[in-house]
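A quick write-up on the structure given underneath.
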Amino acid sequence: MAGCTGYAGAEAVRLLAAHPAVELGALTAHGTAGSLLGEHLPHLPDLADRRIEDTTAATLAGHQVVVLALPAGASAALAAELAQTPLVIDCGADFRLESAADWRDYYGFDHAGCWPYGLPELPGQRALLADAKRIAQPGCYPTAATLALAPAIAGGLVDGRDVVVVAASGLSGAGKAAKTHLLGAETMGSVAAYGVGGGHRHVPEMLQNLRRLGAESPTLSFTPLLAPMPRGILATCSAPLAQEVDEAAVRRVYADFYAPEGFVQLLAAGRWPATGSVLGSNSAHLQVTVDRRAGRLVAVAAIDNLVKGAAGGAVQSMNLALGLDEDLGLTRAGLAP
């Protein structure tokens, strides 16, 4: 496990430590190497005495599975040195995008390639993940937005043009590095927009997913918000209707699309997703409606950005790649209140 003391890495450690088929190997990081895990993750007392090792290929060599939870650009070089590792899962961005041009445009350095995409709920994706040796885990915002819109795009209810996504994220989505605008005094009681105007790095990933679902030449306006909560994402997504359809018909499309999916729940009519209902779980809660006056479909999704949007999704993909039950080591039940 590389990057074990960052937020996503710490969540991966928590889930993997309780996974019945996993024996937790080396726990590595850069800035915290040499210290004890308990100094950084006191909520995991059974691992408190584990010493954090430096993140090197030599330290990670010999493991059957390596999970990378590193900043953009850090995974590619390390992954190249792990050629003999049977399964590598990257929770970072390095291998998500198919387009080298999009990568250079949004990240500003060379594209490392594209791995199978770790969102099993996408049509046909489980077949690609079964026995996969390398997996790129989706970003948290794309996970929420893709799950919200997938039935509508795949079912032809909307065509993918003029998609609008406004999504509020907990502060853990911004990472653990000390930044003035993330201080408690700056964030308590305040919601702030950032990455406005198409500049957020998750935009090309969302568009890529819309194309995978069948949208031709999709366009997207994405506005992310930082909300004063530790974790969770609430994504409100809308697009123009491509056909005359009522809410009951839309709900049937969504219900049929997600009927086989254990981690995606379409809520009863009139109930709307809330981040508090999915905290700590690998679940996604969805609701969908038709705004007749605007001629748009509106879908809302709630996920825990650190579980379904990161570490939990990685465990789900790992289970598939290893031939295990997909839900092993994961829960659908959230923490409340």
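One is the number of the first residue; the rest follow in order along the sequence.
The two residues G270 and W272 come nearest to each other via the heavy atoms O-CD1, 3.7 Å. Taking every heavy atom of both residues into account, T55 and A2 meet most closely at CG2-CB, 3.9 Å. The shortest non-hydrogen separation linking P151 to V253 is O-CG1, 3.7 Å. Shortest non-hydrogen contact noted between I52 and C4 is CG2-SG, 4.0 Å. Shortest non-hydrogen contact noted between Q287 and L267 is NE2-O, 3.4 Å. Contact detail for Y254 and L266: the closest heavy-atom pair is CB-CD2, 3.9 Å.
Relative orientation of the Y107 and W103 rings is parallel, given thresholds of 30° and 60° on the angle between their planes.
At a threshold of 4.5 Å between non-hydrogen side-chain atoms, the residues L226 and L182 count as touching. L15 has its side chain out of reach of V22: every pair of non-hydrogen atoms, C-beta onward, lies at least 4.5 Å apart. Considering only heavy atoms from C-beta on, Y117 comes within 4.5 Å of E205 through its side chain. Residues R231 and T275 fail the side-chain proximity criterion, which asks for heavy atoms closer than 4.5 Å. Within the 4.5 Å cutoff, no side-chain heavy atoms of L47 are placed close to those of L41. The shortest distance between side-chain heavy atoms of D327 and R332 falls below 4.5 Å. The shortest side-chain heavy-atom distance between S281 and D304 does not fall under the 4.5 Å cut-off. A 4.5 Å side-chain heavy-atom check between D291 and S238 finds every atom pair outside the cut-off.
Atom CG of residue L82 and atom CG of residue L87 lie 11.0 Å apart, to the nearest 0.5 angstrom. Atoms CG and CD, on L286 and Q265 in that order, are 9.0 Å from each other to the nearest 0.5 Å. For the atom pair R50 CZ and L24 CG, the distance stands at 5.5 Å (nearest 0.5 Å). The CZ atom of F109 lies 6.0 Å from the CG atom of D94; values are rounded to the nearest 0.5 Å. Distance CE/M206 to CZ/F222: 3.5 Å, rounded to 0.5 Å. To the nearest 0.5 angstrom, D49 atom CG is 10.0 Å from D46 atom CG.
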Derivation of the salt bridge (charged side-chain N to carboxylate O under 4.0 Å, His left out) call for E98 and R211:
CA-CA 12 Å; E98 297 171 341; R211 289 191 293 268; over 6 Å; no
Hey, mind stepping through L78 and L60 against side chain to side chain contact (heavy atoms under 4.5 Å, CB included) and telling me if it holds?
CA-CA 10 Å; L78 184 59; L60 296 168; 3.8 Å; yes
For V164 and R296: C-alpha separation, side-chain torsions, deciding distance, then whether side chain to side chain contact (heavy atoms under 4.5 Å, CB included) applies.
CA-CA 10 Å; V164 175; R296 298 179 72 88; 3.6 Å; yes
Derivation and outcome, side chain to side chain contact (heavy atoms under 4.5 Å, CB included), residues H111 and S99
CA-CA 8 Å; H111 185 229; S99 168; over 6 Å; no
Working for side chain to side chain contact (heavy atoms under 4.5 Å, CB included), residues D246 and V290
CA-CA 7 Å; D246 60 19; V290 172; over 6 Å; no
Donor-acceptor pairs under 3.5 Å, side chain of residues 311-321 to any protein atom, not counting sequence neighbours: which ones?
unit_1	atom_1	unit_2	atom_2	d
Q316	OE1	N282	ND2	3.0
Q316	OE1	K308	NZ	2.8
Q316	NE2	E121	OE2	3.2
Q316	NE2	E326	OE2	2.7
S317	OG	G118	O	3.3
S317	OG	Q137	OE1	3.3
S317	OG	G313	O	3.2
N319	OD1	H19	NE2	2.9
N319	ND2	V315	O	3.4
N319	ND2	D325	O	3.4
N319	ND2	E326	O	3.1
N319	ND2	L328	O	2.8

Please list, one pair per line, the donor and acceptor atoms closer than 3.5 Å that link side chains of residues 184-194 to other protein atoms, with sequence neighbours excluded.
unit_1	atom_1	unit_2	atom_2	d
T187	OG1	L183	O	3.1
Y194	OH	Y141	OH	2.9

Residues 153-161 side chain polar contacts: donor-acceptor under 3.5 Å, at least two apart:
unit_1	atom_1	unit_2	atom_2	d
D159	OD1	R161	N	3.0
D159	OD2	R161	NE	2.9
D159	OD2	R161	NH2	2.5

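Each of V300 and I233 belongs to its own hydrophobic cluster when Ile, Leu, Val, Met, Phe, Trp and Tyr are linked at side-chain heavy-atom distances under 4.5 angstrom. Cluster membership check: L171 does not share its hydrophobic cluster with L225, using side-chain heavy-atom separations under 4.5 Å among Ile, Leu, Val, Met, Phe, Trp and Tyr. There is a path of hydrophobic side-chain contacts, each under 4.5 Å, that joins L324 to L330. Cluster annotation: V307 and L147 are assigned to distinct hydrophobic clusters (Ile/Leu/Val/Met/Phe/Trp/Tyr, side-chain heavy-atom contacts under 4.5 Å, transitive).
Applying the side chain to side chain contact (heavy atoms under 4.5 Å, CB included) criterion to R134, with sequence neighbours excluded, gives V88, W115. For D110, the side chain to side chain contact (heavy atoms under 4.5 Å, CB included) test picks out no residue, with sequence neighbours left out. Contacts of P86 classified as side chain to side chain contact (heavy atoms under 4.5 Å, CB included), with partners at least two apart in sequence or in another chain: Q64. Residues passing the side chain to side chain donor-acceptor pair (under 3.5 Å) test with R14, sequence neighbours excluded: E11. Here S283 pairs with nothing under the side chain to side chain donor-acceptor pair (under 3.5 Å) rule; sequence neighbours left out. Here A74 pairs with L70, P71 under the side chain to side chain contact (heavy atoms under 4.5 Å, CB included) rule; sequence neighbours left out.
Panel note: side chain R96, backbone C91; a donor-acceptor pair is recorded below 3.5 Å. At distances below 3.5 Å, not a single donor-acceptor pair connects side-chain atoms of H285 with backbone N or O atoms of V278. Although no hydrogens or angles enter the test, the distance criterion places no donor-acceptor pair under 3.5 Å between the side chain of R51 and the main chain of L36. When atom types are taken as modelled, the side chain of T219 and the backbone of D162 share a donor-acceptor pair closer than 3.5 angstrom. Side chain of D102 to backbone of P204: no donor-acceptor contact under 3.5 angstrom is found.
T56 and T59 share a side-chain donor-acceptor pair at under 3.5 Å. Residues S172 and N305 have side chains that bring a donor and an acceptor to within less than 3.5 angstrom of each other.
The hydrophobic cluster containing M229, built from Ile/Leu/Val/Met/Phe/Trp/Tyr side-chain heavy atoms closer than 4.5 Å, comprises no other residue. L335 belongs to no multi-residue hydrophobic cluster, having no ILVMFWY side-chain contact under 4.5 Å with any other such residue. Hydrophobic cluster membership for L306: Y7 (Ile, Leu, Val, Met, Phe, Trp, Tyr linked by side-chain heavy atoms under 4.5 Å, directly or transitively).
Annotation for Q243: atom CD counts as buried by contact number, over 12 foreign heavy atoms lying within 6.0 Å.
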